[in-house]
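See structure below.
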Amino acid sequence: MRRLSWLLLLALALAQSPAEKLRAVLDRLRGPEHQAVYVLKVVRPQSERVYRLKVYTDGQRAHLRVLEPRSEAGQAFLSLGTELYLYDPRLGRTLRLPPTGRSERFLGSDLTYQDLMGRDLEELFTVSEEKGVLVLLPKPQAPTPYGRVEVYLKEDLPERILYYDQRGQAVRELRLSAYQRFSGTVLPGRMELLDLLRPGYRTVVEIGEVKVGPVPSACFNPLALERGC
């Protein structure tokens, strides 16, 4: 029965269009509606910084709050589709990030705020399939620095995503592993983003303490950034 189920899933995957496969890939990256603790490690040739984040997400929206280190605790971020809000307890204010700021680095890591929003691969690119690899090319006038993105799948799960600049040079690589399964859906337990232009620069995200289930809608109100979810 288990083998039959796997074969059925494989047959369904083969029947999907490239765009449907990409949507399924991104759904798996976002995971089910859940709360969790994300450990973010920012690795540099001579240093390493570690953050613990409390994350609330429904798969489309995300509320992230810094728990550690103590000097950074209380910072919070809210992604609502194309809108992104930041809260800095030192300023005591919630700010809405302008579109021009979405390419900035999140907590000094190799992740950008646009990566957190997670919708650019669907909205800014067309997708085709070449030898089992999803190939994304930017739509005309799309506001993206990438000239090509390749999504590599293993047993219908995203294993790595390779980003190329407009000149065709590979500049970033995202590796995904340690998938966790929850009631028919999955969530990667580990993500590693490498800066291919700067050896030794990488960001690792490890996902733990996962609690799958409905997240209160109040968590996705900008007011919740200051007072907590």
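Because the structure is predicted, anything quoted here is derived from the model rather than measured.
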Taking all non-hydrogen atoms of both residues into account, name the closest pair between [X] and [Y] and its distance.
X: Gln16; Y: Ala24; value: NE2-CB, 4.4 Å
X: Tyr87; Y: Arg93; value: CD1-O, 3.2 Å
X: Val66; Y: Glu68; value: CG1-O, 3.5 Å
X: Pro138; Y: Gly147; value: CD-O, 3.2 Å
X: Pro199; Y: Pro45; value: O-CG, 3.9 Å

Are [Y] and [X] linked, directly or through intermediate hydrophobic residues, by side-chain heavy-atom contacts shorter than 4.5 Å (ILVMFWY only)?
X: Tyr163; Y: Leu196; answer: no
X: Val205; Y: Leu162; answer: no
X: Tyr164; Y: Leu134; answer: no
X: Val186; Y: Ile161; answer: yes
X: Tyr113; Y: Leu124; answer: yes

Are Lys54 and Tyr56 in a cation-pi setup, meaning NZ or CZ lies under 6.0 angstrom from the ring centre and within 45 degrees of the ring axis?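 Yes.
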
Under 6.0 Å from the CZ atom of Arg198, do we count more than 12 heavy atoms belonging to anything else shown?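 For Arg198, atom CZ is crowded (more than 12 foreign heavy atoms under 6.0 Å).
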
Within the structure provided, determine whether [X] and [Y] are in side-chain contact (heavy-atom separation under 4.5 Å).
X: Leu64; Y: Gln75; result: no
X: Leu107; Y: Val42; result: no
X: Tyr152; Y: Pro158; result: no

Just by modelled atom types, is the [Y] backbone N or O under 3.5 Å from a matching donor or acceptor in the [X] side chain?
X: Lys21; Y: Asp156; answer: no
X: Arg65; Y: Leu225; answer: yes
X: Glu20; Y: Ser17; answer: yes
X: Thr203; Y: Leu193; answer: no

Checking Glu48 against Lys41 for the salt bridge (charged side-chain N to carboxylate O under 4.0 Å, His left out) test, could you report, in this order, the C-alpha distance in whole Å, the side-chain angles of both residues, the deciding distance, and whether it holds? CA-CA 7 Å; Glu48 178 178 309; Lys41 300 178 182 178; 5.2 Å; no

Please determine which of Arg44, Arg49, Arg202 meets the salt bridge (charged side-chain N to carboxylate O under 4.0 Å, His left out) test together with Asp110.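 Going through Arg44, Arg49, Arg202 one by one, the salt bridge (charged side-chain N to carboxylate O under 4.0 Å, His left out) with Asp110 is satisfied by Arg44 alone.
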
For the rings on Phe106 and Phe77, is their centre-to-centre separation under 6.0 Å? yes

Give me each pair satisfying ring-ring contact (aromatic ring centres under 6.0 Å, His included) with a member in residues 172-214, each pair once, sequence neighbours excluded. none

Tell me which donor-acceptor pairs under 3.5 Å the side chains of residues 207-221 have, and how far apart each pair is, sequence neighbours excluded?
unit_1	atom_1	unit_2	atom_2	d
Asn221	OD1	Leu223	N	2.9

When rounded to the nearest 0.5 angstrom, what is the spacing between [atom1] in [X] and [atom2] in [Y]?
X: Leu137; Y: Phe125; atom1: CG; atom2: CZ; value: 8.5 Å
X: Arg160; Y: Leu194; atom1: CZ; atom2: CG; value: 10.0 Å
X: Gln35; Y: Thr57; atom1: CD; atom2: OG1; value: 10.5 Å
X: Leu111; Y: Leu40; atom1: CG; atom2: CG; value: 6.5 Å
X: His63; Y: Leu53; atom1: NE2; atom2: CG; value: 10.5 Å
X: Glu150; Y: Leu136; atom1: CD; atom2: CG; value: 9.5 Å

Apply side-chain contact (heavy atoms from CB on, under 4.5 Å) to residues Arg172 and Asp115 and explain how you reach the verdict. CA-CA 12 Å; Arg172 296 203 310 169; Asp115 292 327; 3.0 Å; yes

Check the pair Asp88, Leu95 against side-chain contact (heavy atoms from CB on, under 4.5 Å), reporting the backbone distance first and the verdict last. CA-CA 8 Å; Asp88 187 336; Leu95 306 174; over 6 Å; no

Steps toward side-chain contact (heavy atoms from CB on, under 4.5 Å) verdict (Tyr146, Val171): CA-CA 9 Å; Tyr146 305 117; Val171 293; 4.0 Å; yes

